[in-house]
**Student:** 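Structure in structure tokens, see below.
Throughout, a chain's letter reflects where its sequence line sits, starting with A, and its residues are numbered from 1.
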Protein chains: 2
Amino acid sequence: MALTLPDARQDAFRARLTRGQTLELSALSQEFAVSIDTVRRDLKTLEAEGVARCVRGGAMPVSRPSGTALQRVALAAPGHDALASRALPLIEDGMVLLLDGGATVHALAQILPSLPNSLVVTPAPAVALACLAAGIDTQLVGGRLSPSGAISVGHGAVTALSDVAADIAFLGTCSLDPAFGLGADDLGEAEVKRAMATASHRSIALAGADKLGRRSRHRVLNCQDLDMLITNASPESVTLYKEQGVEICHA
Amino acid sequence: MALTLPDARQDAFRARLTRGQTLELSALSQEFAVSIDTVRRDLKTLEAEGVARCVRGGAMPVSRPSGTALQRVALAAPGHDALASRALPLIEDGMVLLLDGGATVHALAQILPSLPNSLVVTPAPAVALACLAAGIDTQLVGGRLSPSGAISVGHGAVTALSDVAADIAFLGTCSLDPAFGLGADDLGEAEVKRAMATASHRSIALAGADKLGRRSRHRVLNCQDLDMLITNASPESVTLYKEQGVEICHA
DNA sequence: CATAATTCTGCATATGCTTGCAAATTGTGG
DNA sequence: CCACAATTTGCAAGCATATGCAGAATTATG
């Protein structure tokens with residue numbers, strides 16, 4: 001590796017950091033054949049960019065994809081229950097339900113009644129356990145677990161979902177913008193959520209007010225493809241969605 | 001484990017504490033190749049942060065306010081530690097592991113270290129969440145969830161497992177009889193467990209003394225096909241297994 | 001009560017950080 | 001082609017931190 005150019009070197013560091021690796025000063029200075037000081041200065045630059053966190057002896061990736069999904073789910077806020085309980089009346093026994101991952105949908109899974117004739121299909125292990133605890137027939141979608149959202153992603157998960165004919169898909173929301181549509185932070189998650197929407201008759205998004213008007217990296221659906229939005233946002237702040245045919249349900 | 005950075009080490013401790021694990025000074029000093037004193041100082045730092053409670057010989061997670069359903073599942077109190085901790089030395093980073101469901105294997109999943117180069121494949125959603133919390137690459141096997149054991153069963157699950165080449169399969173035990181072999185209460189679970197054993201180089205059963213000498217409805221494996229048994233039963237009570245070529249590991 | 005294990009304390013050492021500065025490299029304009 | 005400025009890089013001195021060790025104090029355990 002004869003990349004003596006500062007930018008190329010820093011790019012290499014950036015790549016490793018985004019992969020979750022920790023960088024060690026001494027190792028890097030050897031590998032790139034520059035002095036410790038140079039590496040230190042590079043890492044300081046990356047810290048200024050917000051990509052790295054300098055610590056003694058090197059640098060670490062800036063606090064993981066912002067808290068694991070597990071923590072977010074475990075620390076479910078009471079506000080989510082309001083959204084979840086608004087979703088409950090839409091569910092009838094005998095329906096086939098597709099449940100996404102995420103804190104809000106997880107809250108819904110936790111308050112589901114028994115539904116002896118229904119089937120829940122979900123790529124989220126935490127949601128599956130909650131449904132199983134409620135005594136509901138549960139089908140788990142397999143795949144590699146996405147660290148950010150704790151749901152199964154990948155080709156197998158999408159294929160498995162394409163074989164399902166569901167009545168309602170309840171989608172968690174990373175972001176929802178009137179123009180961009182429903183977004184997800186991870187490409188794999190976006191694909192799975194899209195597959196869920198495709199496999200079901202109605203697609204319903206649960207989104208707290210803090211998720212509205214924001215855009216994530218990947219698009220899941222256009223707003224036209226969304227049948228209903230359950231939110232705690234003010235009625236006037238969701239007119240742009242209503243104009244695109246999205247039914248609004250206020251919590 | 002090349003975590004030579006002090007902050008990375010403390011982060012690892014933090015991660016384990018938030019998963020409900022107790023930390024042992026001597027074990028940590030070995031694992032991270034630093035002196036006991038250094039680990040002690042680290043834990044004192046974490047105690048000052050409020051995430052640890054130093055006790056004689058190590059530290060414990062500070063009891064947290066409320067327990068949501070997921071916390072109860074993912075952070076359940078480790079009671080089967082004895083068996084699980086005996087399994088730990090068999091695991092090396094880079095291995096592909098197949099983890100069954102059940103309380104004992106779940107306890108193993110909860111004390112797994114980070115294993116950045118390993119892959120865990122499991123049909124048990126609770127186990128998958130525990131591995132994900134440890135930062136391990138996790139592959140979830142999909143299927144209908146068996147109500148009795150909370151693992152994916154069915155043709156799809158068996159097929160998915162047949163495409164895996166694992167180093168070790170850790171099997172939970174419903175029953176283990178010298179003549180009948182390893183048993184399961186549910187036909188679907190038996191098929192999945194058998195597929196796990198077939199897909200891996202070594203098959204290791206974790207069984208408390210109460211599971212030995214009993215027979216369940218369905219056979220998973222003959223004892224000849226079992227490579228190792230980890231149990232807390234007395235040495236004289238397992239001679240019949242040893243005669244069939246099963247390596248015994250006493251907890 | 002005696003023994004062993006564990007914890008605390010102080011200290012020497014090693015390692016890493018900061019600052020300032022000089023040499024080398026690159027870019028620019030005459 | 002040269003002079004000049006800006007950037008990058010390496011080096012050294014002073015300071016701060018982390019680590020490991022040894023001895024004293026404390027706590028468990030039989």
Side-chain angles (χ1 to χ4, degrees), chain A residues 1-17 20-64, chain B residues 1-18 20-63 77-79 81-82 85-86 88-89 111 113-114 116 232 250-251:
Chain A
M1 184 136 354
L3 293 178
T4 61
L5 316 172
D7 295 312
R9 207 177 40 233
Q10 293 182 15
D11 271 1
F13 295 166
R14 233 187 302 272
R16 299 192 188 186
L17 285 168
Q21 296 184 10
T22 66
L23 303 183
E24 234 175 309
L25 281 175
S26 53
L28 293 176
S29 92
Q30 273 200 302
E31 183 180 346
F32 291 85
V34 292
S35 77
I36 298 263
D37 303 70
T38 302
V39 180
R40 199 195 310 282
R41 276 186 272 247
D42 285 338
L43 295 184
K44 269 199 169 313
T45 305
L46 295 181
E47 186 175 39
E49 290 179 19
V51 186
R53 201 183 93 223
C54 284
V55 299
R56 188 185 180 83
M60 302 178 51
V62 67
S63 64
R64 289 286 180 184
Chain B
M1 190 142 340
L3 290 179
T4 61
L5 313 183
D7 290 53
R9 201 178 45 230
Q10 293 184 14
D11 269 7
F13 295 167
R14 235 187 303 270
R16 298 190 189 185
L17 285 168
T18 54
Q21 295 185 18
T22 66
L23 303 182
E24 222 176 317
L25 281 175
S26 53
L28 293 177
S29 92
Q30 272 200 302
E31 183 179 346
F32 291 87
V34 293
S35 76
I36 298 263
D37 303 68
T38 301
V39 179
R40 198 194 310 283
R41 276 186 271 245
D42 284 338
L43 295 184
K44 270 202 166 311
T45 304
L46 295 181
E47 187 174 39
E49 288 179 21
V51 296
R53 205 183 87 227
C54 285
V55 298
R56 194 180 179 81
M60 301 179 56
V62 59
S63 59
D81 271 6
S85 57
R86 297 293 295 188
L88 221 42
I111 62 173
S114 168
N232 54 2
H250 290 282

**Student:** For B:Leu23 and C:dT6, what is the distance between atoms CG and C1' respectively, to the nearest whole Å?
**Tutor:**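 Spelled out: CG on B:Leu23 to C1' on C:dT6 is 17 Å.
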**Student:** Under a 4.5 Å cut-off applied to non-hydrogen side-chain atoms, are B:Val34 and B:Arg9 in contact?
**Tutor:**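 With C-beta onward as the side chain, the pair touches.
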**Student:** Using side-chain heavy atoms (C-beta onward) and a distance below 4.5 Å, is B:Leu5 in contact with A:Arg56?
**Tutor:** no
**Student:** List the residues meeting side-chain hydrogen bond (donor to acceptor under 3.5 Å, both in side chains) with B:Glu49, not counting sequence neighbours, and say none if there are none.
**Tutor:** B:Arg14
**Student:** Could you check how far CD of B:Glu24 sits from C1' of C:dA5, rounded to whole Å?
**Tutor:**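 Checked: the CD to C1' distance equals 13 Å.
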**Student:** Is there a donor-acceptor contact under 3.5 Å from the side chain of A:Arg53 to the main chain of A:Ala59?
**Tutor:**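 Not at all, since once roles are kept as given, no pair shorter than 3.5 Å links the two residues.
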**Student:** Which pairs, protein N/O on one side and nucleotides 22-25 of chain C N/O on the other, fall under 3.5 Å?
**Tutor:**
none

**Student:** Taking side chain to side chain contact (heavy atoms under 4.5 Å, CB included) as the definition, give me every residue that meets it alongside B:Glu47, ordered by chain and number, with sequence neighbours left out.
**Tutor:**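 Scan of B:Glu47 (side chain to side chain contact (heavy atoms under 4.5 Å, CB included), adjacent residues dropped) gives B:Lys44, B:Cys54.
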**Student:** Report the distance from atom CG of B:Leu28 to atom P of C:dT6, rounded to the nearest whole Å.
**Tutor:**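 Spelled out: CG on B:Leu28 to P on C:dT6 is 14 Å.
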**Student:** State which residue, out of B:Val39, B:Asp42, B:Leu28, fulfils the side-chain contact (heavy atoms from CB on, under 4.5 Å) condition with B:Leu23.
**Tutor:**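 Only match with B:Leu23 under side-chain contact (heavy atoms from CB on, under 4.5 Å): B:Leu28.
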**Student:** Starting at NZ of A:Lys44 and ending at C1' of C:dG16, how long is that distance when rounded to a whole Å?
**Tutor:**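 It works out to 12 Å between those atoms.
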**Student:** Output one letter per nucleotide in nucleotides 16-23 of chain D: B when a protein non-hydrogen atom lies under 4.0 Å from the base, S when only the sugar-phosphate is that close, - when neither is.
**Tutor:** -BSBBBB-
**Student:** State which residues pass side-chain hydrogen bond (donor to acceptor under 3.5 Å, both in side chains) with B:Ser29; sequence neighbours excluded, sorted by chain then number.
**Tutor:** none
**Student:** Round to a whole Å and report the spacing from CG of B:Leu25 to P of D:dA28.
**Tutor:** 15 Å
**Student:** Can you tell me how far P of C:dT7 sits from CD of B:Glu47, to the nearest Å?
**Tutor:**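 Taking CD of B:Glu47 and P of C:dT7, I get 12 Å after rounding.
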**Student:** Checking A:Ser26 now: which residues fulfil side-chain hydrogen bond (donor to acceptor under 3.5 Å, both in side chains) with it, not counting sequence neighbours?
**Tutor:**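 Applying side-chain hydrogen bond (donor to acceptor under 3.5 Å, both in side chains) to A:Ser26 gives none.
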